[in-house]
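Order of the sequence lines fixes the chain letters, A, B, ..., with proteins taken first and strands second; residue numbering starts at 1 for each chain.
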There are 2 protein chains.
Amino acid sequence: MVQSQQKLDRVLVRVQKLTPEKADQLIWVRARVHTSRAKGKQCFLVLRQQQFNVQALVAVGERASKQMVKFAANINKESIVDVEAMVRKVEQKIDSCTQQDVELHIERIFVISQAEPRLPLQLEDCVRPDGEGDEDGRATVNQDTRLDNRVIDLRTTTSQAIFRLQSGVCQLFRDTLTNKGFVEIQTPKIISAASEGGANVFTVSYFKTSAYLAQSPQLYKQMCICADFDKVFCVGPVFRAEDSNTHRHLTEFVGLDIELAFNYHYHEVIESITDTMVQIFKGLRDKFQTEIQTVGKQYPSEPFRFLEPTLRLEYTEGVAMLREAGVDMGDEEDLSTPNEKLLGRLVKEKYDTDFYVLDKYPLAVRPFYTMPDPNDKKYSNSYDMFMRGEEILSGAQRIHDAQLLTERAIHHNIAYFYYVTNTLVAGKIKSYIDSFRYGAPPHGGGGIGLERVCMLYLGLHNVRQVSMFPRDPKRLTP
Amino acid sequence: MVQSQQKLDRVLVRVQKLTPEKADQLIWVRARVHTSRAKGKQCFLVLRQQQFNVQALVAVGERASKQMVKFAANINKESIVDVEAMVRKVEQKIDSCTQQDVELHIERIFVISQAEPRLPLQLEDCVRPDGEGDEDGRATVNQDTRLDNRVIDLRTTTSQAIFRLQSGVCQLFRDTLTNKGFVEIQTPKIISAASEGGANVFTVSYFKTSAYLAQSPQLYKQMCICADFDKVFCVGPVFRAEDSNTHRHLTEFVGLDIELAFNYHYHEVIESITDTMVQIFKGLRDKFQTEIQTVGKQYPSEPFRFLEPTLRLEYTEGVAMLREAGVDMGDEEDLSTPNEKLLGRLVKEKYDTDFYVLDKYPLAVRPFYTMPDPNDKKYSNSYDMFMRGEEILSGAQRIHDAQLLTERAIHHNIAYFYYVTNTLVAGKIKSYIDSFRYGAPPHGGGGIGLERVCMLYLGLHNVRQVSMFPRDPKRLTP
């Protein structure tokens with residue numbers, strides 16, 4: 001066991017760097033035993049490091065004894081080993097490895113960390129495309145088994161690619177906004193009043209009282225706008241106590257949130273957000289092609305299409321398209337999930353884009369703080385954004401006038417309002433309403449679900465695949 | 001009220017851009033009324049935009065009526081206005097404004113958002129250095145009043161600077177690590193077992209069961225290492241149900257967490273972290289000098305000093321220095337807060353640095369997953385890092401062997417272990433222990449408190465100043 005007994009000068013070469021330029025050099029590598037196969041006086045190993053692997057060989061001879069071959073053959077899969085080996089060019093490309101032009105001739109081998117002999121699941125079963133190998137009776141790994149053994153499931157090339165891409169989405173999001181002059185803020189997750197009106201909120205014991213987990217940073221990012229930060233974003237967990245067991249709902253997910261003051265029209269906000277999304281799409285396309293291809297091997301999908309500038313449709317246009325396709329729905333009715341998906345397909349057919357904005361939602365289906373449309377009280381200055389026909393962002397111009405905000409909260413029966421001797425008092429959301437009493441600029445924003453963006457960009461079908469340790473009503477571990 | 005009635009072509013000029021080059025141009029500005037003072041047929045306003053402000057004037061004459069002057073004089077402080085004005089160079093510099101060389105001659109003025117006439121606190125009272133103005137009987141604003149009215153308190157130049165610098169710390173942290181090949185991960189905050197052994201943890205109602213709020217991403221970032229991510233970081237909230245009402249404890253704060261596999265010795269980890277800290281210190285020094293100066297006006301402090309490479313002392317050396325200074329303490333005793341601070345002062349005197357590492361803590365005072373020292377069972381491969389004598393990071397080589405980890409957990413009476421027919425079963429932290437059963441590289445890391453880094457870098461004295469919406473046992477709002 002490496003307990004930091006000594007500082008060695010020994011250089012470890014990365015598997016990725018094992019190329020013909022290193023031929024005939026004696027080097028050290030630390031890697032996992034991906035597979036091992038003994039064959040007479042030889043033992044073939046595949047050594048893996050993240051998404052890279054190389055073939056290695058221990059053969060009885062001058063440099064290795066029979067015992068050593070036996071020892072190597074008995075190392076359990078997934079163990080971590082240090083090997084000293086000569087790099088040799090091979091005549092014929094090794095198709096099964098990423099390092100196809102060389103192999104390692106092992107002279108010494110040490111086990112750094114021994115894996116148990118029986119793995120709860122096999123990596124090769126985890127990366128096999130759906131349906132493939134069924135006829136051979138090969139094991140397929142269901143999602144719960146994967147998630148129960150997430151540490152092993154995350155070692156697959158597919159998982160490595162998914163989460164490297166996810167890390168990239170966060171970075172692209174932040175870098176784009178930082179370049180636009182946004183400030184990153186940190187908002188509290190433990191709050192004294194349910195931010196979205198009281199439903200679907202988790203309760204926390206807080207010393208002698210109780211509190212809630214924030215369903216969004218909504219109120220706090222707005223308070224930052226009222227506090228003159230002008231343009232803010234935050235990346236952090238949001239919590240929804242919704243008992244939904246669907247492919248796209250989690251009880252805890254990562255919100256990429258944006259809020260900004262605008263000058264005259266909330267379309268300035270929409271443009272800022274859609275431009276950010278486009279920068280993310282371009283960044284992924286240009287910098288994460290390897291990851292996209294890797295995921296595509298297991299889960300094939302069409303490349304993600306987007307337009308510049310982003311397509312913006314009004315809600316009434318969307319409803320008209322649906323009606324034309326035979327859907328029966330009212331003007332002020334919200335979009336159901338099947339209708340959202342259908343509309344996504346119609347938009348894709350007509351405009352050839354997997355990303356678009358649906359603008360001017362009916363006021364009745366939006367939260368109390370949404371700014372009503374100035375011309376038609378039935379509608380509002382609010383929008384959703386969709387990727388491959390599924391919602392990834394909900395946003396709006398927010399009401400920045402304390403009086404109107406109070407009226408709308410009352411209209412929505414937000415329970416925290418009550419009268420004290422003829423004066424209307426905003427109870428638990430008082431500090432929120434108060435934020436608008438001392439001068440507030442017009443502003444708007446939106447919240448993006450990180451996992452949904454990754455899932456839909458990659459054309460995956462379950463949000464649990466893009467959440468490292470997903471939480472849903474039935475899953476709290478690992 | 002701006003309800004997005006129309007899209008105007010009108011360009012709004014930023015206050016910061018109001019310089020003599022704009023002289024004799026008619027421009028539009030949107031800003032807050034910082035102060036207003038009527039004087040006969042004139043009204044002087046100071047218009048503020050974030051940390052910038054400019055003098056403006058409405059005077060009865062060709063372009064403005066008496067009514068307009070009266071109207072301007074009656075606009076409440078902190079209201080947001082749009083003004084059309086001629087930029088004029090001034091003969092004498094205006095010392096009280098950031099834009100010293102010009103003033104605005106207002107021709108039109110509209111109120112975009114009216115502030116209420118009485119503000120709960122005055123901005124000028126919020127930025128006055130401690131002690132100054134006391135003799136004039138000027139109001140000072142205590143911390144609770146500030147925090148109760150945080151939206152206004154955050155508008156001060158000091159607050160604007162603090163949180164822009166905080167945004168910078170996060171960015172420098174992530175950029176440095178991304179450049180070193182780290183991957184950003186997102187870890188769950190709702191967990192099924194208390195991560196640090198059960199004390200000081202918040203309980204959450206989770207559908208029909210209960211769960212906890214993560215006290216750190218510790219176990220998850222380690223699981224990522226076991227899942228071959230090699231080097232990971234995360235930025236997110238951590239929760240401590242500690243009933244501590246001190247200057248440096250919060251119940252929710254932002255953790256900057258690092259974890260990485262190393263080759264031979266955990267000092268590789270220390271070097272990676274200290275280098276990251278040094279990159280942050282340098283970035284702040286080079287890119288946030290304005291913010292540092294601004295905060296220094298209200299809260300003067302010595303510039304932050306650091307060495308390259310970072311000073312690393314062993315725990316026994318620290319104890320020896322304290323004993324030499326007259327402190328009576330045992331070899332295996334933890335550092336008390338006063339002793340930490342005293343040691344910080346002694347180190348500063350001797351080595352002229354505000355940042356150092358104290359290495360090789362007694363094993364007894366560290367968490368169960370800390371790797372024991374290979375040569376002396378009393379000590380461990382663990383370390384704290386200090387800024388201006390206060391701890392900002394705690395870290396260690398972690399045990400990566402399931403057997404040893406189990407033994408140490410039993411030794412620490414982690415309650416989740418029990419025997420089933422002679423087999424030791426790890427109960428609620430089973431998935432954690434299991435992570436190490438299938439090959440785990442040696443690794444280590446640490447967790448940094450974002451707020452403490454900002455507080456101590458700037459030489460502030462209360463962590464609530466650097467938390468936008470702080471949470472402590474007595475504060476849950478706003």
Side-chain angles (χ1 to χ4, degrees), chain A residues 1-5 7-8 12 32 50 78-80 113 115-116 119 151-152 154-155 164 167 170 183-184 186 188-190 192 202-205 207 211 220 223 226-228 236-237 252 254 263-266 371 374 381 397 401 431 435 437-442 468-469 471 473 476-478, chain B residues 1-5 7-8 12 32 50 78-80 113 115-116 119 151-152 154-155 164 167 170 183-186 188-190 192 202-205 207 211 220 223 226-228 236-237 252 254 263-266 371 374 381 397 401 431 435 437-442 469 471 473 476-478:
Chain A
M1 186 174 65
V2 176
Q3 205 176 343
S4 307
Q5 290 87 342
K7 297 187 183 186
L8 286 182
L12 294 173
R32 283 193 194 274
Q50 300 176 324
E78 294 300 306
S79 296
I80 298 173
S113 175
E116 293 196 0
L119 296 173
V151 165
I152 297 175
L154 288 175
R155 292 179 191 169
R164 278 163 203 279
S167 174
C170 291
V183 173
E184 179 175 9
Q186 306 291 342
K189 306 308 164 198
I190 302 179
S192 60
F202 287 113
T203 308
V204 185
S205 300
F207 302 102
Y220 292 95
M223 286 163 81
C226 296
D228 288 349
E252 178 180 344
V254 177
N263 293 339
Y264 305 113
H265 200 288
Y266 76 98
M371 181 64 88
N381 292 350
Q397 176 178 359
D401 178 84
S431 59
S435 310
R437 290 170 55 203
Y438 308 106
M468 262 194 183
F469 303 100
R471 295 291 180 256
L476 261 173
T477 51
Chain B
M1 185 174 67
V2 177
Q3 207 177 342
S4 308
Q5 289 88 343
K7 297 188 183 187
L8 286 181
L12 295 173
R32 284 191 192 274
Q50 299 175 325
E78 294 299 304
S79 296
I80 297 173
S113 175
E116 293 196 1
L119 296 173
V151 165
I152 297 176
L154 288 175
R155 291 179 191 167
R164 279 164 203 279
S167 176
C170 291
V183 174
E184 179 176 7
I185 57 168
Q186 306 290 341
K189 306 309 166 198
I190 302 180
S192 60
F202 287 114
T203 308
V204 185
S205 300
F207 302 100
Y220 292 95
M223 286 163 80
C226 296
D228 287 350
E252 179 182 344
V254 177
N263 293 339
Y264 306 112
H265 200 288
Y266 75 99
M371 180 65 87
N381 293 350
Q397 176 178 358
D401 178 84
S431 58
S435 311
R437 289 172 53 205
Y438 307 106
F469 303 101
R471 295 292 180 258
L476 261 174
T477 54

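- Heavy-atom pairs under 4.5 Å with chain B peak, among Val204(A), Val2(A), Leu154(A), at Val2(A).
- Heavy atoms of Glu116(A) lying under 4.5 Å from chain B belong to its backbone as well as its side chain.
- Taking Glu184(B), Gln3(B), Gln50(B) one by one and counting their heavy-atom pairs under 4.5 Å with chain A, the maximum is reached by Gln3(B).
- Contact annotation for Asn263(A): both backbone and side-chain heavy atoms come within less than 4.5 Å of a heavy atom of chain B.
- Closest heavy-atom contact between Val151(B) and Ser435(A): CG2-OG, 3.7 Å.
- Residue Ala440(B) comes nearest to Ser113(A) through the heavy atom pair N-OG, 2.8 Å, listed as atom of the first residue, atom of the second, then distance.
- Under the rule for a salt bridge (Lys or Arg N to Asp or Glu O under 4.0 Å), the partners of Arg155(A) that lie at least two apart in sequence or sit in another chain are Glu78(A).
- Between the side chain of Gln186(B) and the main chain of Val254(A), no donor-acceptor pair closer than 3.5 Å is present.
- Going from atom CZ of Arg32(A) over to atom CG of Asp228(B) covers 4.0 Å, rounded to the nearest 0.5 Å.
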- Can you list the steps and then say if Leu476(B) with Phe207(A) is a side-chain contact (heavy atoms from CB on, under 4.5 Å)? CA-CA 11 Å; Leu476(B) 261 174; Phe207(A) 302 102; over 6 Å; no

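- Ranking Met223(B), Glu252(B), Gln397(B) against chain A, the residue ahead of the rest is Glu252(B), based on heavy-atom pairs under 4.5 Å.
- In terms of heavy-atom proximity, Ser205(B) sits nearest to Phe202(A) at O-CD2, 3.2 Å.
- Gln5(A) places no side-chain N or O within donor-acceptor distance of the main-chain N or O of Pro374(B), the cut-off being under 3.5 Å.
- Counting heavy-atom pairs closer than 4.5 Å to chain A, the top residue among Pro237(B), Gly236(B), Ala211(B) is Pro237(B).
- Considering only heavy-atom pairs separated by less than 4.5 Å from chain B, the leading option among Met1(A), Arg437(A), Arg164(A) is Arg437(A).
- Comparing Ile190(A), Leu119(A), Ile152(A) by heavy-atom pairs within less than 4.5 Å of chain B, the highest count is held by Ile190(A).
- Legend: residues meeting side chain to side chain donor-acceptor pair (under 3.5 Å) with Tyr266(B), ordered by chain and number and at least two apart, are Asp359(B), Lys360(B).
- If you measure heavy-atom distances from Pro441(A) to chain B, the contacts under 4.5 Å come from both the backbone and the side chain.
- When each of Ser79(A), Cys170(A), Pro188(A), Pro442(A) is scored by its heavy-atom pairs under 4.5 Å with chain B, the top score falls to Pro188(A).
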